[in-house]
Amino acid sequence: MVPRPDKSELLMPAGSLEKLKIAVLYGADAIYMGTPDMSLRSKSDMTLEDIVEGIEFAHEYGKRVYLTLNLFSHNRDVEKLPQYIETVRHVKPDGLIIADPGVFMFVKQQAPELELHISTQANICSWLSVKYWQDQGASLCVMAREVTYGELVEIRQKCPDIKIEAFVHGAMCMTYSGRCLLSNFMVERGANQGSCANSCRWKYKVHAKLKDGSLKEMEINKDNRDDYDFYLEEEERPGEFMQIDEDNRGSYILNSKDLCLMQHLDDYLKIGIDSLKVEGRGKSPFYVAVVARAYRQAIDDWYDDPDSWNGNDYMEELLSIPNRGYTKAFHDGRLADISHNYDETATLAEWEYAGQIKQITDDAFIVEIKNKLVAGDVMCFLPPSSASPILLRLYEYILADNGKIVDNVHGSLKQFVRIDFDKFEHEDIDHLKSILPEMTIIKKERPLSAAQWARLKYDTAAADIENGRGSEISLAKQKNNLREKIEIRDETRTPRLRKDVVEGCCGRGCNGCLVFWNDPLYEKARIKLQAKKQGEKMAKDTKRAVLKAMK
């Protein structure tokens with residue numbers, strides 16, 4: 001058996017070679033990835049050549065790489081196994097993730113030197129199943145998402161000699177740990193073959209059929225719901241009605257919020273869960289960087305000082321990436337009603353992917369733009385280390401290829417801009433270059449519609465309730481407000497409005513902000529802000545002092 005690690009590892013996803021490198025840069029201990037034909041991600045951008053390069057890159061930095069072979073095999077897949085295993089064994093991955101018992105047996109026989117991990121697709125929910133796979137020669141078992149924390153504690157106690165992996169962050173599948181037939185039924189795309197169409201998240205309309213046989217679209221409430229049979233109509237299939245059967249837990253076609261166990265991460269660290277897994281091989285480099293950065297800091301901080309650790313300290317960063325709202329899912333047992341989003345399926349955040357540092361010259365960063373930037377936008381550079389983000393407000397952009405100065409740039413045009421170091425008016429340049437290497441991710445604020453702002457407020461209020469804070473009255477008000485805003489359908493988009501600062505200033509003191517750094521009105525605020533040491537996080541009380549000085 002492979003020995004268990006001394007500390008819990010942060011396991012990040014990589015759907016491409018670029019994402020693997022970013023995961024390594026931003027603090028992952030291990031990365032999982034796979035080729036599209038054998039790994040439950042048919043849209044993976046990984047070739048076998050990428051696999052080889054990725055493993056070599058990760059090993060150079062002392063990181064581990066696990067390859068996914070977790071499909072449920074059909075006969076046609078079995079024919080590919082010999083060549084796949086012969087190729088894989090030569091690149092020396094640190095583990096192979098498998099779900100199918102037949103595939104497990106084949107790999108164990110053909111490549112006994114490979115460490116074998118049992119995928120979440122195998123639906124391991126008990127210590128008995130863990131012991132079974134341990135007896136078969138598995139080195140690690142990934143727990144099904146349905147396993148509660150209480151069950152996980154017992155599994156850890158009864159299975160001390162095998163590594164245990166648990167999901168802590170990412171999208172949730174509302175079928176049994178990914179065993180879904182809805183995608184097959186709707187579009188003939190096999191979820192268990194890596195081609196899930198996410199049919200559970202599509203927009204459906206409820207119809208009511210009266211007992212006399214007439215079909216009507218109407219509002220259903222507690223007073224009239226027993227008078228009808230219920231049907232779903234998917235928006236791209238008008239006229240096709242699917243009857244909804246419900247039991248006391250509700251409908252099975254649900255749009256789950258995203259899993260986020262950050263506020264309970266200390267529970268998993270205390271009992272020695274070996275691998276803390278983040279879902280998202282199909283997500284962006286922005287997602288990989290932000291999630292890895294947040295969990296890396298949280299894990300390290302807990303090991304440094306577990307008594308004063310607080311998961312809330314890291315939530316602001318996780319809220320900056322697009323999400324469906326966060327839920328702790330099965331941590332305490334059965335899902336709560338607020339674990340689902342009934343009104344909207346889109347991922348959402350007030351920040352978006354702005355760009356990535358692609359090159360560092362003697363006097364400038366060369367940045368690839370990922371989303372539109374206009375004059376006056378604030379770029380937020382995210383150091384891979386624990387240093388504070390670096391904010392820069394620009395009023396014009398220099399195109400890297402021809403030196404042309406423009407007032408906006410577009411990610412869709414694959415534009416590169418040059419950002420001279422002298423634009424960072426309030427940073428030590430040597431320190432700046434040391435904390436912002438190539439591949440550093442940059443984000444920017446994203447203007448949102450009234451309905452989107454209401455969605456974020458509702459998601460926050462729901463998460464507070466789920467974690468034992470907030471009030472049901474406040475949540476109900478936020479829900480009504482959200483539905484009202486959705487009904488209005490006003491698509492006007494605005495940035496966040498901050499009522500605690502004077503008009504015209506966001507209070508961040510960004511490098512080059514003409515208002516903050518030049519107007520006498522903000523002199524006291526500048527003194528407060530400049531007292532902050534390089535690389536030091538601005539404490540909440542310091543932020544309040546800055547805002548107070550501005551008034």
Side-chain angles (χ1 to χ4, degrees), residues 285-286 289-290 320 349-384 387-448 493-498 501-519 521-522 525-526 529-530 532 534-535 538 546 550:
F286 174 42
V290 172
S320 73
E350 61 180 282
W351 293 86
E352 62 184 352
Y353 192 10
Q356 183 184 146
I357 295 178
K358 286 296 186 179
Q359 183 184 356
I360 302 176
T361 68
D362 291 337
D363 56 359
F365 291 124
I366 305 301
V367 172
E368 181 180 3
I369 302 304
K370 296 295 184 179
N371 273 296
K372 184 178 180 180
L373 288 167
V374 300
D377 271 346
V378 176
M379 303 175 74
C380 181
F381 293 73
L382 298 175
S388 297
I390 304 297
L391 301 172
L392 176 67
R393 188 187 299 271
L394 290 177
Y395 300 94
E396 60 185 20
Y397 304 93
I398 304 173
L399 299 183
D401 57 348
N402 57 22
K404 182 179 178 181
I405 297 176
V406 296
D407 60 7
N408 64 80
V409 285
H410 298 262
S412 59
L413 300 178
K414 294 188 180 298
Q415 291 184 309
F416 291 78
V417 300
R418 171 191 174 90
I419 302 179
D420 293 329
F421 293 147
D422 60 15
K423 295 292 185 183
F424 296 87
E425 300 178 7
H426 306 281
E427 306 294 335
D428 177 83
I429 301 305
D430 289 336
H431 175 74
L432 191 71
K433 289 192 288 185
S434 72
I435 65 172
L436 300 179
E438 290 181 3
M439 301 190 76
T440 291
I441 298 297
I442 307 164
K443 65 181 181 179
K444 63 179 283 288
E445 281 193 332
R446 178 188 180 194
L448 302 176
R493 296 176 184 269
T494 60
R496 175 179 291 278
L497 298 177
R498 302 185 58 154
V501 298
V502 295
E503 186 176 358
C505 180
C506 69
R508 293 194 176 98
C510 311
N511 285 280
C513 176
L514 301 179
V515 177
F516 186 89
W517 293 106
N518 294 285
D519 195 317
L521 183 63
Y522 308 114
R526 289 194 291 272
L529 195 61
Q530 287 177 317
K532 183 174 71 78
Q534 280 287 341
M538 187 187 293
V546 169
M550 290 170 52

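Source: prediction; values computed, not measured. These values consider heavy atoms only, across backbone and side chains, with no hydrogens, waters or symmetry-generated copies. In what follows, residues are counted from 1 in the order of the sequence shown.
- Across all non-hydrogen atoms, the minimal contact from Leu448 to Ala349 is CD2-O, 3.7 Å.
- Under the ring-ring contact (aromatic ring centres under 6.0 Å, His included) criterion, Phe421 pairs with Phe365, not counting sequence neighbours.
- Ile419 has its side chain within reach of Met379: a pair of non-hydrogen atoms, C-beta onward, lies under 4.5 Å apart.
- Within the 4.5 Å cutoff, side-chain heavy atoms of Ile405 are placed close to those of Ile398.
- Distance check, rounded to the nearest 0.5 Å: CG of Asp422 to CD1 of Ile429 gives 8.0 Å.
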- Message: Using side-chain contact (heavy atoms from CB on, under 4.5 Å), reason through Asp363 and Arg418 one step at a time and then give a plain yes or no.
- Response: CA-CA 10 Å; Asp363 56 359; Arg418 171 191 174 90; 2.8 Å; yes
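- Put simply, the side chain of Arg393 never gets that close to the backbone of Gly512: no donor and acceptor are under 3.5 Å apart.
- The shortest side-chain heavy-atom distance between Asn511 and Trp517 does not fall under the 4.5 Å cut-off.
- Closest of all the heavy-atom pairs between Cys380 and Pro389 is SG-CB, 3.5 Å.
- Listed for the Asn518 side chain is a donor-acceptor partner under 3.5 Å among the backbone atoms of Leu514.
- For the pair Asn402 (side chain) and Lys404 (backbone), a donor-acceptor distance under 3.5 Å is present.
- We find the CG-CD1 distance between Leu436 and Ile442 to be 8.0 Å, quoted to the nearest 0.5 Å.
- Although no hydrogens or angles enter the test, the distance criterion places a donor-acceptor pair under 3.5 Å between the side chain of Arg526 and the main chain of Asp519.
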- Item | Step-by-step side-chain contact (heavy atoms from CB on, under 4.5 Å) determination, Val406 to Asn408 | CA-CA 6 Å; Val406 296; Asn408 64 80; 5.9 Å; no
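- The minimum heavy-atom distance linking Ala400 with Ile366 is given by the pair CB-CG2, 4.1 Å.
- Side chains of Leu399 and Val409 form a contact here, defined as non-hydrogen atoms less than 4.5 Å apart.
- Rounding to the nearest 0.5 Å gives a distance of 5.5 Å between CG of Leu392 and CZ of Phe381.
- Considering only heavy atoms from C-beta on, Ile441 comes within 4.5 Å of Gln356 through its side chain.
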- Query: Are Tyr353 and Lys443 close enough, and set up right, to give a side-chain contact (heavy atoms from CB on, under 4.5 Å), and what steps lead you there?
  - Reply: CA-CA 5 Å; Tyr353 192 10; Lys443 65 181 181 179; over 6 Å; no
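- Listed by first and then second residue, the ring-ring contact (aromatic ring centres under 6.0 Å, His included) pairs involving residues 391-415 amount to none (not counting sequence neighbours).
- Residues Asp362 and Lys433 are not paired through a salt bridge, judged by the lack of any N-O separation under 4.0 Å between the basic side chain and the carboxylate.
- Between Leu373 and Leu394, the closest side-chain pair of non-hydrogen atoms is not below 4.5 Å.
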- Where do Glu368 and Phe416 land on the side-chain contact (heavy atoms from CB on, under 4.5 Å) test, with the steps shown first? CA-CA 4 Å; Glu368 181 180 3; Phe416 291 78; 3.5 Å; yes
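- Residues Phe286 and Lys370 are not in side-chain contact: their nearest non-hydrogen atoms beyond the backbone lie 4.5 Å or more apart.
- Heavy-atom contacts from other residues, nucleotides or ligands closer than 6.0 Å to NZ of Lys444 number more than 12.
- Residues Glu445 and Glu352 share a closest heavy-atom pair of O-OE2, 4.3 Å.
- Remark: Leu382 CG to Ser388 OG distance equals 11.0 Å, nearest 0.5 Å.
- Side-chain contact check for Ile357 versus Pro437: every heavy-atom pair is 4.5 Å or farther apart.
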